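Structure record follows, encoded as structure tokens.
Scope of the values below: all heavy atoms of this structure, side chains included, with no hydrogens, waters or symmetry mates. Order of the sequence lines sets the chain letters (A, B, ...), proteins ahead of strands, with each chain counted from 1. Remember, predicted model here, so these are calculated numbers, not experimental data.
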Amino acid sequence: MAVITIDKVSRWFGNVVAVNDVTMSIGPGITGLLGPNGAGKSTLIHMMSGFLAPSSGTVALDGTRIWRNQEVYRQIGLVPEKESMYDYLTGWEFVLANAELHGLADPGAAAERAIALVEMEYAQDRHTGTYSKGMKQRVKMASALVHDPAVLLLDEPFNGMDPRQRLHLMELLRRFGADGRTVLFSSHILEEVEQLARHIEVVVAGRHAASGDFREIRRLMTDRPHRYLVRSNDDRRLAAALIADGSTSGIEFDAAAESIGGSAAGALRIQAIDFQGFTTLLPRVARAAGIRLYTVSPADESLESVFSYLVSS
Amino acid sequence: MNTTVARLTARGLFGRRRVLILLAVPVLLLGIALFARGSDLDRLDLAHSVLGTLALGTLVPITGLVVGTGVIATEIEDGSIVYLLAKPLPRWQIVTTKLAVAIGSTWLLSAVPIYAAGLILYGAGDDVALGYTVGALAAGAAYSALFLLLGVVTRHAVIAGLAYALIWESLIGNYVEGARTLSVQQWGLSVAEAVAADGAVLAPVGLATALWLLVIVAVGATAYASVKLAGITLGGEE
């Protein structure tokens, strides 16, 4: 059983704090490291893979410090985000070289097995420089798996992949997770993480914002107050009907909002508490009152605002 | 030595367009030697200018620079070194293997053509050709180690290396006598003096000093490069 423990870890670059006092532990199964771009995900993965020293705190694999300890790579397979990978080698030569560098007893057999695992046999004799992004990702996977590691670290593995390649990689990772390996991948896309990881660690602005089961975090994210901009043919009557229901916590009539389409000038800015409740309530209320809705648009659906809500809660 | 690291390094070095620059050096040297042979200048003076000033003074450091940084700086720059480093390999082994490839390539691309150019210009007499060749072997090894270290410690290895070779060795070394004591080129010249017949080649730095400094620089640079590689930081800044 391989467990990575991150204990009170901070990392700063000059005056910029990239990771701020993070403590987490990553065990067998699939863990998703979720956060917006620049949140410190890569910095964390770099520290977990031994290519960056924590400014304070410790990062360890099964109690052994990772920084400056090349022996940990017997257990760790790393899929870096960067694409450069000796593009003058063929896929086969690249994976074979990785097997040899691990000092495996039968590097040829290991390379063959790893390439079969990612289904890249058909392109193994082509130079990796000619590969598409998804193909490169798979060959990088093969190189990381060639020594059958207990831990697999992947930095934004789904970036630039088409939907089919994405599904294939997810399937592969699921299998590793089911085998009892420790799989950690980073992503800034909630849906991606949700589809794959049971366990999620959320980082925002270098801080550990949430940790736990994905359903729990999903609920935290959907239950936050949502803001909507609504235009209708009778904003004031709609506001009156909506405020009577418990799923809204505030309605503001903005007479200055410009008119769009057939609506009169003005719009409602609505704060909903219960996301599910409000989305079903609004059309029902409007219909019962004979009000026509022109615009219903979420005002703060950006991932950053979702994350910053998580941090403040 | 790790044969896989050596193979990857050699392919990276010779598999790119850089090889054209590297091959231009011996071609240029042999071309000049053939051309100069036809002139009626003093043969020994010619040999000193071509083998000493041009070859040992300029071509060996440039080859050492391109090769020494090429075996490691390129990989660090594009990030592909991560595939070597994410392995249970001792870091000194990666460094010494890459250094061996660099030294072998520098010798092949500079010392061997120097010997050939020496034979064309002056023949085997007075061991002048042999002297400059052995000098180039010694200097080539030290340059390789030094520039490999630069490739590990700075992202501007080529600039730093050029500054050392051109400004310190060639420019300052020409005017300030003391600067010559700390110049790989001069140490190579001392070795050349020792190998060639008495008085055929003259060097300002004593042989013992030169040999000690060559060994200290080569071994020190290699050891320091291994330490730095073990603690290298990749990426990180987001």
Value rounded to 0.5 Å, distance of CG in A:L101 from CD1 in B:I94: 8.0 Å
Gap between atom OH of A:Y73 and atom CG of B:L89 - 0.5 Å precision: 11.0 Å
A:E100 side, atom CD; B:N2 side, atom CG - distance, nearest 0.5 Å: 8.5 Å
Side-chain donor or acceptor of B:Y83 paired with backbone N/O of A:A144 under 3.5 Å: no
B:E77, part contacting chain A, at a heavy-atom distance under 4.5 Å: backbone
Interatomic spacing from OH in A:Y86 to OG1 in B:T9 - rounded to 0.5 Å: 7.0 Å
Separation of B:L234 CG from A:S42 OG (nearest 0.5 Å): 12.5 Å
Option that, when pairs with chain B are counted at under 4.5 Å, heavy atom only, ranks first among A:E93, A:R11, A:H147, A:E71: A:E93
Contact check, side chains of A:N98 and B:K87, non-hydrogen atoms, under 4.5 Å: yes
Within 6.0 Å of OH in B:Y224, more than 12 heavy atoms from elsewhere: no
Between A:Q70, A:M85, A:M47, A:R68, the one whose heavy-atom pairs under 4.5 Å with chain B are most numerous: A:Q70
Proximal component of B:I81, with respect to chain A [non-hydrogen, under 4.5 Å]: backbone
Partner chain A: residue of B:T74, B:D78, B:L84 with the largest heavy-atom pair count (under 4.5 Å): B:D78
A:Y88 OH to B:S80 OG distance, which is reported to the nearest 0.5 Å: 6.5 Å
